[in-house]
Amino acid sequence: MQHLGLVSVVVHDYDEAIAFYTKVLGFTLIEDTALDENKRWVVVAPPGARETGILLARAATPAQARCVGDQTGGRVFLFLYTDDLPRDHQRLSEAGVRFTERPRHETYGDVVVFEDLYGNRWDLIQPRSAPTR
């Protein structure tokens, strides 16, 4: 059986990314291990996530640095599921998260787009039914 384990997000700085994901989004820091003097293995995940996390990968080259905040050419990059969109929208708004729109109703659920600290776009989704895997 297979499952998606980690998704890599290229960041400018490990510590500022850890602060955003843990203090603003409320994620859990799963691991922060030094691999050498410049590279760390940093994994964060939403509370309760069992199989999937985000590897925060510091840009190591100028080409990678240019992709920070635009990993998908301006499209929504990641999808964060919630069981209470109004609650999480309010909490994240109060924490300073930038939303690019107001929450809206779609056939698949209620959704609102927000940006992470670098500008990557996320969907915050409260699905109408359990997400399919």
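Here the structure is a predicted model, which is why all the values come from computation and not from measurement.
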Flag the pair N120 / T72 as yes when at least one side-chain heavy-atom distance between them is below 4.5 Å, and no otherwise.
-> no
Are Q71 and S8 side-chain neighbours, meaning at least one heavy-atom pair lies under 4.5 Å?
-> no
State plainly whether one hydrophobic cluster holds both L117 and V68, where clusters connect Ile, Leu, Val, Met, Phe, Trp and Tyr through side-chain heavy atoms under 4.5 angstrom apart.
-> yes
So does D83 pair up with R87, basic N to acidic O under 4.0 Å?
-> yes
Please report, to 0.1 Å, the donor-acceptor pairs under 3.5 Å made by any side chain of residues 37-44, with sequence neighbours excluded.
{"from": "R40", "atom 1": "NE", "to": "D32", "atom 2": "OD1", "distance (Å)": "2.9"}
{"from": "R40", "atom 1": "NH1", "to": "D15", "atom 2": "OD1", "distance (Å)": "3.3"}
{"from": "R40", "atom 1": "NH2", "to": "D15", "atom 2": "OD1", "distance (Å)": "3.0"}
{"from": "R40", "atom 1": "NH2", "to": "D32", "atom 2": "OD1", "distance (Å)": "3.4"}
{"from": "R40", "atom 1": "NH2", "to": "D32", "atom 2": "OD2", "distance (Å)": "2.7"}

What distance separates Y108 OH from Q126 CD, expressed to the nearest 0.5 Å?
-> 13.0 Å
Do you reckon F114 sits in the same ILVMFWY cluster as V7, going by side-chain contacts under 4.5 Å, direct or chained?
-> yes
Write out all pairs satisfying ring-ring contact (aromatic ring centres under 6.0 Å, His included) with one or both partners inside residues 42-66, taking only residues at least two apart or from two chains.
-> none
May I have the step-by-step check of side chain to side chain contact (heavy atoms under 4.5 Å, CB included) for E115 and T100, ending in yes or no?
-> CA-CA 7 Å; E115 293 179 346; T100 64; 3.7 Å; yes
Under the salt bridge (Lys or Arg N to Asp or Glu O under 4.0 Å) test, residues paired with D36 that sit two or more places apart = none
Counting only heavy atoms not in R102, do more than 12 fall under 6.0 Å of its CZ?
-> no
Mind checking whether L78 and L85 sit in one hydrophobic cluster, side chains of I, L, V, M, F, W, Y counted as touching below 4.5 Å?
-> yes
Do L80 and D88 have side-chain heavy atoms sitting under 4.5 Å apart?
-> no
Shared hydrophobic cluster for Y14 and V9 (ILVMFWY, side-chain gaps under 4.5 Å) | yes
Any L4 side-chain heavy atom under 4.5 Å of E51 side chain = no
Should Y118 and V24 be regarded as members of a common hydrophobic cluster, given that ILVMFWY residues are connected when their side-chain heavy atoms come within less than 4.5 Å of each other, either directly or indirectly?
-> yes
How many angstroms lie between atom CG of D70 and atom CZ of F77, to the nearest 0.5 angstrom?
-> 10.5 Å
When rounded to the nearest 0.5 angstrom, what is the spacing between CZ in F27 and CD1 in I54?
-> 5.0 Å
Side-chain ion pair, R128 and D110, N-O less than 4.0 Å = yes
Is it true that atom CD of Q90 has more than 12 heavy atoms of other residues, nucleotides or ligands lying nearer than 6.0 Å?
-> no
Drop me the distance from D123's CG to E101's CD, to the nearest 0.5 angstrom.
-> 7.5 Å
Within a reach of under 6.0 Å around NE2 of H3, are more than 12 heavy atoms found that belong to other residues, nucleotides or ligands?
-> yes
Determine, step by step, whether L55 and E31 satisfy the side chain to side chain contact (heavy atoms under 4.5 Å, CB included) criterion, reporting the C-alpha distance in whole Å, the side-chain angles of both residues, the deciding distance to 0.1 Å, and the verdict.
-> CA-CA 9 Å; L55 176 70; E31 185 173 357; over 6 Å; no
How many angstroms lie between atom OG1 of T61 and atom CZ of R66, to the nearest 0.5 angstrom?
-> 7.5 Å
Output yes when a side-chain donor or acceptor of T28 lies under 3.5 Å from a complementary backbone atom of I30, and no otherwise.
-> no
Which distance, rounded to the nearest 0.5 Å, do you find between the OH of Y21 and the CG of L29?
-> 13.0 Å
Hey, does L25 have a side-chain heavy atom less than 4.5 Å from the side chain of L92?
-> yes
